[in-house]
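Below: one structure, written as structure tokens.
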There are 2 protein chains.
Amino acid sequence: MSSTTTNADELMKTRDKILLASLELFNEQGERNVTTNHIAAHLAISPGNLYYHFRNKSDIIYEIFQEYEKLVDYYLDIPDNRPLNLDDMTFYLESVFDGLWSYRFLHRDLENLLDRDQRLRTDYQRFTNRCLAAISRIFEKLADGGVLEPQPEALRAAMSLNVWLIVTNWMAFLKTAHAEKTSACMTLRELKQGIYQVLTLEIPYVMPAYREQVMELREKYRPMIPEQTGEPVDVVG
Amino acid sequence: MSSTTTNADELMKTRDKILLASLELFNEQGERNVTTNHIAAHLAISPGNLYYHFRNKSDIIYEIFQEYEKLVDYYLDIPDNRPLNLDDMTFYLESVFDGLWSYRFLHRDLENLLDRDQRLRTDYQRFTNRCLAAISRIFEKLADGGVLEPQPEALRAAMSLNVWLIVTNWMAFLKTAHAEKTSACMTLRELKQGIYQVLTLEIPYVMPAYREQVMELREKYRPMIPEQTGEPVDVVG
DNA sequence: GTATTATTAGAGTATATACTCTAGGGAGTC
DNA sequence: GACTCCCTAGAGTATATACTCTAATAATAC
């Protein structure tokens, strides 16, 4: 799965360059602020050229979304022949936030995107449901592995939804919570502080044997937003 | 605090009519899809008239935000001379979601709004911090009231943030999860299913004496989204 | 080489949108 | 009546943006 490498000007086909440049610009400036003319100008190609390769802007977005979908589905392919352990959980969390970071524009103006493209809406809905199911399965398998207490299905579903809400909206929170007007000033590391929030959610369900480890893991992602979290603390180290 | 009443054509001043109509249209169609010309047309006044009362669109939005801020601050004025009980908690949850509903357009395209108006950005940031502090104080006072287990401050802060994320993004989730393209098709009742999600978060911290009551309360807000929550269930009754 | 196809340039268009500008009406005051 | 002040109308503008169209060039097939 080659993706998210930045400079491969001469080597790539125009079509792929368009997709890549669009993703970059969308992520940096928001889809709303990036026009097809901008994309073309950024690549030093003509608008006509761009529209030769894509019928319209929605098609570009849709194709990028499909890449994202594939990536996350790949990450969230839960093995069902064995229980999950703490390393698995860490991997899932890290992976999901990596994916979120690479395609972060998608979650920014999602509602408008879905309003303007029905395909995207139905696909995204299915995608959400797959993710929710995957999260729930992760909880289940973590319980099998003795990491978390086993929970009734209904509770797992509600918890999964909470995890989903936190994961998909942590970035938006960061952007709105930052005082700086430049919303580009966010790092992957900051984004991953969302893991701290997810782990906060899980704390009460962690089995005593793993409590200490989970708390240590969680501490690694501790946010350092001075205003609300009390004392700022060094992160990751 | 009079607000969100619909028809008061002859009685109101043009300025207030503009604010009210803007709020309505923004909520129904999204700020992005409502132009100043639309607002004027909706009120059967001229664009010039609108711009006589407001310098620009941002000023309209900013003023509406200030109303919202006032409303929520009013709701979240936590008494500090007594502990809180379950009724208090219900009131806070209901009130917050009511406010969210009345000004729901604000949380839809928030990032773009903040990008385009620095006043709004700083105000919103302070607002967020006030809300987080209020949520944390509610947890604290609920512990004082014996409803929740007492928690260390750091955990309360992280939990408050999770509650904030769930509350402010529940609506966006509903809109994206619904298959229908018309994002207007959402009801206050559906929105309040977010309370179910918030209560899910609190479950592990509820003191045994209140567990049953909280679970009953929670059941009243149970979502009935067929696809992912398993069996659809009748709500509120 | 020639025919065909794939790709590209770049000027151009239709539409939208936030906002301006000028002119004037209506009500109160002297 | 004239002056003033608040309010309103409505045509108009500058700019942006998604997208089109034609013609030309490169690549490929035969």
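Every heavy atom of this structure was used, including side-chain atoms; hydrogens, water molecules and symmetry mates were not. Chain A is the first sequence line, chain B the second, and so forth, proteins listed ahead of strands; every chain is numbered from 1.
Boundaries of the chain B contact region on DNA chain D are D:dC6 to D:dG10, first to last in 5' to 3' order (nucleotide atom under 4.0 Å from a heavy atom).
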- Checking side chain to side chain contact (heavy atoms under 4.5 Å, CB included) for the pair B:Leu161/A:Phe173: CA distance, chi angles, key distance, verdict? CA-CA 10 Å; B:Leu161 189 42; A:Phe173 170 78; 3.4 Å; yes
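For C:dT7, the OP1/OP2 oxygens have no side-chain nitrogen or oxygen of A:Asn49 closer than 4.0 Å. Using a 4.0 Å cut-off, some side-chain N or O of A:Ser46 falls inside it from OP1 or OP2 of C:dA9.
Under a 3.5 Å cut-off, the side chain of B:Asn162 and the backbone N or O of A:Thr200 do not form any donor-acceptor pair. Under the 3.5 Å distance criterion, the side-chain polar atoms of B:Arg104 are matched with a main-chain donor or acceptor of B:Trp101. With hydrogens and angles disregarded, no donor-acceptor distance shorter than 3.5 Å links the side chain of A:Gln193 to the backbone of A:Tyr221. Proximity of a side-chain donor or acceptor of A:Asn27 to a complementary backbone N or O of A:Phe105 within less than 3.5 Å is detected.
Taking the six-membered ring for Trp and the full ring otherwise, A:Phe127 and A:Tyr68 have centroids separated by under 6.0 Å.
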Quick test: give all pairs of protein nitrogen or oxygen and nucleotides 24-28 of chain C nitrogen or oxygen below 3.5 Å, distance rounded to 0.1 Å.
none

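Note on B:Ala40: nothing from the nucleic acid sits closer than 4.0 angstrom, heavy atoms only.
Summary of the strand contacts: A:Asn37 and B:Gly48 both lie near DNA chain D, and taking for each the nucleotide with the nearest heavy atom, the more 5' one is attributed to B:Gly48. Ranked by how close their nearest DNA chain C nucleotide is to the 5' end, B:Val34 and A:His53 are led by A:His53.
Rounded to an integer number of Å, the gap from CZ of A:Arg15 to C1' of C:dT8 is 16 Å.
Atom CG of residue B:Asn169 and atom CH2 of residue A:Trp170 lie 12.0 Å apart, to the nearest 0.5 angstrom. Atom-to-atom distance recorded for B:Leu174:CG and B:Leu191:CG is 7.0 Å, nearest 0.5 angstrom.
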